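Just so you know, these numbers come straight off a predicted model, no measurement behind them. FYI, side chains are in, hydrogens and waters are out, and symmetry mates aren't considered; it's all heavy atoms of this structure.
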Amino acid sequence: MIPPRFMFVEINRACNLRCSHCDYWQERDDPLMLPHQERVAMLIEDFARLSPNGTIATCGGEPMLRQAVWFTMARLARENGLRMLSVTNGTRIRNAAMAQKVIAEGPHEVSVSLNAPGAGEHDRTRGIQGAFERTTRAIRMLVEARERLGAWDTKIIVMGLVYGSNYRSLPEFYDFVLNDLKADKLKLNMLQPTFRQSGGVDPFFEQEHQVDPEELMMLIEVSAAQHGLDVNPEFTRQAGMYFRSLAQAGDLQTGWNSTARTTEHICNTYERNIMVDLEGTARLCFSGAFRGEKIEKPGDLARFWQNAGDIRDKMRQCNRFCGISHSVRRDSATLSGVEQGVRFAEKHETRTASPATPGG
């Protein structure tokens with residue numbers, strides 16, 4: 001059986017911003033729930049045995065509010081031959097010294113969240129005046145620190161959200177990220193219902209889902225041509241399909257509680273991901289709609305992965321909105337990402353093949 005490519009580990013739920021599309025900032029971390037260093041080490045060592053070429057991803061909350069755990073995870077990932085990636089809002093990278101520490105001791109890939117190429121729209125949706133300045137300054141310092149250290153294997157990514165008020169600025173957004181900030185990539189995430197939705201209504205999702213699918217697809221293609229991007233045409237098509245699905249839905253004001261679904265099944269998280277939350281429960285999806293199991297001792301992670309056939313059967317029928325997320329979407333946004341997935345599968349098919357069928 002091919003192992004998971006990614007293990008997402010929730011290290012906190014608090015955040016220092018007030019984003020319109022996320023309710024994590026309303027959470028308060030319970031210190032008793034925070035991952036102890038021993039549990040983190042066990043998880044990473046267990047994952048390395050299960051998936052020797054895998055990648056660890058931190059999630060939250062704002063993970064850099066728990067810097068000790070964050071840097072410990074990065075160190076343990078390297079010691080176990082794994083890659084690590086993390087998404088951050090960047091606001092805790094406040095000086096050159098911290099930027100250099102992130103590049104030297106942090107994840108192999110740092111994705112910094114940014115909603116627009118200008119302060120007005122970013123600060124509006126992030127809920128904090130001055131957030132744009134703090135985030136873009138952090139990206140610039142990371143780029144400078146990488147150049148200073150010559151650490152070219154560390155990737156600096158900008159994670160952008162696509163929604164009604166900003167999608168027409170995509171070409172400018174790409175230009176700002178690649179030519180002004182000089183990040184390696186602008187990675188797009190499509191609008192979804194509010195993360196950890198805390199109420200019965202979801203005003204941001206309802207107000208911002210109105211994206212012209214054909215125009216969005218054209219803007220992605222224009223941006224790809226302008227910047228020589230290896231955009232996967234299937235990603236572009238799925239982005240159009242997703243917003244067509246939203247346009248046809250009638251109850252988006254309820255967010256995750258909506259009965260609407262995408263017209264296609266585009267998720268395959270159950271074939272490549274394990275998510276472990278603060279309580280130590282492993283799932284194949286960020287949603288609690290499918291059963292999970294507690295990870296308490298070495299070997300539990302592998303047992304869960306190998307005995308989750310019933311979960312996979314149910315998830316193959318799921319067309320919830322989260323299927324468009326880059327973390328769970330079946331098709332990578334880039335052709336190089338598709339190739340990486342193929343190489344991972346081929347490597348593990350060869351490794352797990354029986355002697356009678358070498359190479360799988």
Side-chain angles (χ1 to χ4, degrees), residues 19-22 113-118 120-122 124-125 157-179 183 185-195 202-256 258-269 318-339 341:
C19 300
S20 304
H21 49 282
C22 180
S113 298
L114 190 67
N115 279 5
E121 182 61 21
H122 181 81
R124 177 184 79 86
T125 55
I157 310 295
V158 170
M159 183 79 73
L161 184 68
V162 176
Y163 53 95
S165 294
N166 78 343
Y167 79 98
R168 289 191 170 98
S169 67
L170 266 185
E172 294 83 0
F173 202 179
Y174 272 103
D175 185 64
F176 178 67
V177 167
L178 300 176
N179 296 324
K185 181 189 293 186
L186 171 59
K187 186 180 289 187
L188 300 180
N189 241 336
M190 305 301 152
L191 174 72
Q192 299 167 60
T194 294
F195 293 105
D202 193 340
F204 190 81
F205 185 57
E206 182 184 20
Q207 295 161 12
E208 295 290 353
H209 80 275
Q210 296 179 2
V211 171
D212 184 315
E214 307 308 319
E215 186 178 10
L216 172 62
M217 293 167 65
M218 179 271 291
L219 290 170
I220 293 174
E221 291 169 354
V222 166
S223 301
Q226 287 178 345
H227 299 285
L229 309 176
D230 68 333
V231 172
N232 179 6
E234 182 61 11
F235 160 74
T236 306
R237 188 196 69 78
Q238 287 181 7
M241 179 279 300
Y242 176 74
F243 282 106
R244 277 189 222 100
S245 298
L246 297 188
Q248 295 166 12
D251 60 343
L252 297 184
Q253 69 275 9
T254 58
W256 290 117
S258 170
T259 58
R261 297 292 184 263
T262 57
T263 56
E264 297 178 23
H265 179 71
I266 54 175
C267 163
N268 76 340
T269 179
C318 179
N319 281 20
R320 298 190 79 189
F321 301 130
C322 47
I324 196 64
S325 169
H326 77 280
S327 301
V328 306
R329 194 178 56 242
R330 180 185 65 236
D331 294 290
S332 172
T334 62
L335 295 174
S336 58
V338 173
E339 293 171 2

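Counting heavy atoms from C-beta outward, Ile220 and Val231 have side chains that approach closer than 4.5 Å. Side chains of Asp202 and Leu252 form no contact here, defined as non-hydrogen atoms less than 4.5 Å apart. Put simply, the side chain of Thr254 does not reach to within 4.5 Å of the side chain of Phe205, judged on heavy atoms. Contact of the Tyr167 side chain with the Asp212 side chain is registered, since non-hydrogen atoms from C-beta on lie closer than 4.5 Å.
In this structure, Asn319 contributes its side chain and Thr262 its backbone to a donor-acceptor pair below 3.5 Å. Of the possible donor and acceptor atoms, one in the side chain of Asn232 sits under 3.5 Å from a partner among the backbone N and O of Ser332. With Asn115 contributing its side chain and Thr125 its backbone, the two residues share no donor-acceptor pair below 3.5 Å.
Using a cutoff of 4.0 Å between basic side-chain nitrogens and carboxylate oxygens, Glu121 and Arg168 are not scored as salt-bridged. Under a 4.0 Å N-O distance rule, the pair Arg329/Glu234 does not qualify as a salt bridge. Here Arg237 pairs with Glu264 in a salt bridge; the nearest charged N to carboxylate O distance falls below 4.0 Å.
Counted by atom type alone, Asp230 and Ser336 present one or more donor-acceptor pairs between their side chains at under 3.5 Å. Between Glu208 and Ser165, the side chains place a donor N or O and an acceptor N or O closer than 3.5 Å (distance only, hydrogens not considered). Judged purely by distance below 3.5 Å, without hydrogens or angles, the side chains of Asn189 and His326 pair a donor atom with an acceptor atom.
Taking the six-membered ring where the residue is Trp, the centroids of Phe204 and Tyr163 are separated by under 6.0 Å.
Between Phe321 and Tyr242, the ring planes are perpendicular. Angles over 60° get that label, and only those under 30° would be called parallel.
Note that CG of Leu186 is 8.5 Å distant from CG of Leu229, once rounded to the nearest 0.5 Å.
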